[in-house]
Amino acid sequence: MTVLVQILLSALFMGSLYAMMAVGLALVWTTIGVFNFCHGVFMTLGAYVAWQFVSPDAFGLPMAVSLPLSMLVVAAFGFLLQAAVVRPFIGRGDVVLVAVITTLAASSALENGTQLVWGPRPLGLPALIEGNVDFHGIGISLHQVAIIVITPIILGAVWLFLNRMRLGLALRAVAQNEDACHLVGINVTALYALAFGLAAALAALAGVFFGGFKFMSPQMGTEPLSKALVVVIFGGVANISGPIMAAYIIALFEAISTYVIGFYWTPALLFAVLIAVLMVKPEGLFSGRTRGLA
Amino acid sequence: MADLLEIENLESGYGRIRILHGVSIATTGNRNVGLFGPNGHGKTTLLRTISGLIRAWSGTIRFDGTDITRMAPRHIVELGLIHVPQGNRLFPDLTIRETLRLGAWPSRARADEAANADRVVAIFPKLRERWNQQVRTLSGGERQMVSIGVALMSHPRLLVLDEPTLGLAPRLKDELCAAIKRISDEGVPLVVVEQDVEFLLDLADHLYLVNHGEIATEIRPGEMMNHQAIMEMYFGKQVGPLT
């Protein structure tokens with residue numbers, strides 16, 4: 001029983017982080033049609049910028065102020081990065097490949113930049129809520145509980161935005177037919193910027209969640225990025241509920257596998273499952289065959 | 001009255017390949033204009049250059065006195081020149097309701113969104129039945145209706161239609177022709193590319209034959225024309241009876 005609850009809690013917690021990362025990745029992939037390797041660094045930056053605002057060694061602001069500020073700063077960063085290394089290549093036939101190279105290069109530069117500015121020494125963020133609760137004999141921090149509760153609310157808001165608001169509809173539309181978007185008067189370039197900014201803000205939030213739970217390092221975004229990649233491929237991107245569901249399933253799988261066969265072999269097993277999915281249903285488990293969102 | 005659309009010496013194309021070699025057309029006042037001619041001779045390219053999807057190489061396009069030659073498509077839409085492209089597949093994953101809502105994107109069209117939606121439903125009652133269905137599930141004719149509906153939601157001052165009846169079954173085609181006629185009668189001027197000459201003659205008395213990226217012939221309002229004459233423009237004069 002205890003083991004079961006432990007596995008479930010771990011799945012919910014890690015699933016929340018993966019979902020937060022994967023939705024941003026899917027958003028950029030569906031609107032712009034490129035894979036953004038900077039997404040992991042956005043998460044790192046989110047954590048470090050928040051640390052800069054909140055830490056008593058730096059600005060010492062309250063968390064309630066620092067968190068939205070960090071999301072804003074990183075969103076602005078995402079916007080600038082998009083303008084610098086993605087937008088110039090849009091319209092070229094090889095934009096997918098070029099964007100892989102430019103975003104990889106930018107992520108490497110930003111990772112090292114983070115190390116230059118804040119140093120390699122691990123830092124930590126305060127928890128969103130201090131304290132622990134006892135749940136069926138298992139201690140869990142309130143920080144983790146908060147993340148498990150907040151994530152579905154945020155993702156629900158993103159879903160509503162994409163499905164109910166005209167601007168969100170436009171974001172989905174640009175993924176499906178760019179010419180037709182031009183012809184109803186949509187500023188497609190601005191939507192690209194919006195998609196990147198929104199994705200970066202979500203990654204920053206995941207970074208703050210992460211930083212209150214584990215020590216931060218300039219490389220902290222690498223592993224969540226690879227997990228988000230697995231999630232997006234596994235779930236498909238036809239609908240944002242695809243990567244969200246996939247995130248929780250992957251996290252559950254990971255938790256079970258870690259318990260049964262151990263931490264060491266779990267990533268290998270995960271990628272084996274991924275390859276199997278790619279062979280059986282390459283468009284993702286919850287996806288049709290087109291590129292589209294929500 | 002100033003002519004709504006005036007195009008002078010327009011040249012454009014794709015990459016290095018020139019498609020339009022100095023096209024000049026103009027509407028007379030607010031009257032409809034029809035374009036016809038063989039496939040692959042620049043009609044669609046002309047319309048895509050007008051709406052800004054393709055950059056003009058040289059020449060000018062004026063809409064209601066404003067030079068729109070190098071404007072971005074969204075600014076042209078904002079002025080009220082709305083282009084319905086050929087075989088528009090629209091947004092496959094959006095529903096009809098969502099797609100029409102996007103049509104009201106220009107700020108000029110926001111205030112009249114509800115009235116325009118009523119108008120679309122009045123002209124295409126069929127769409128109301130499929131209101132929450134994804135566009136991908138629609139037939140070609142229904143998709144064409146949504147496509148024109150989206151244009152009406154943008155509150156057009158000039159509607160540019162590229163082969164609106166292409167590939168439709170005869171019954172659907174009649175329905176669509178009647179709808180387009182109605183839109184025109186309700187006061188929206190049209191620029192129409194169409195292969196169905198009867199339909200074109202019914203809509204417009206000012207026609208241009210586009211051939212090899214140039215205007216081969218202009219038929220001005222009031223000039224005699226009949227089906228026979230237009231067929232001869234397409235295929236050349238038939239000299240003697242075929243034996």
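Predicted model only: the values in this text are computed from it and were never measured.
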K.L.:
Heavy-atom distances under 4.5 Å only: say whether B:Ala104 touches chain A with side chain, backbone, both or neither.
P.N.:
both
K.L.:
Give a yes or no on whether the ring-centroid distance for A:Phe79 and A:Phe77 is below 6.0 angstrom.
P.N.:
no
K.L.:
Quick one: does B:Ser24's side chain have a donor or acceptor within less than 3.5 Å of a partner on B:Asn9's backbone?
P.N.:
yes
K.L.:
Kindly give the heavy-atom pair with the smallest separation between B:Glu113 and B:Met153, and that separation in Å.
P.N.:
O-CE, 3.6 Å
K.L.:
I'd like to verify something: which residue of B:His75, B:Arg110, B:Glu78, B:Arg48 has the highest number of heavy-atom pairs under 4.5 Å with chain A?
P.N.:
B:Arg110
K.L.:
Mind checking whether B:Tyr208 and B:His206 have parallel, tilted or perpendicular rings, split at 30° and 60°?
P.N.:
tilted
K.L.:
Pick from B:Leu90, B:Ile76, B:Val84: which one has the most heavy-atom pairs with chain A under 4.5 Å?
P.N.:
B:Leu90
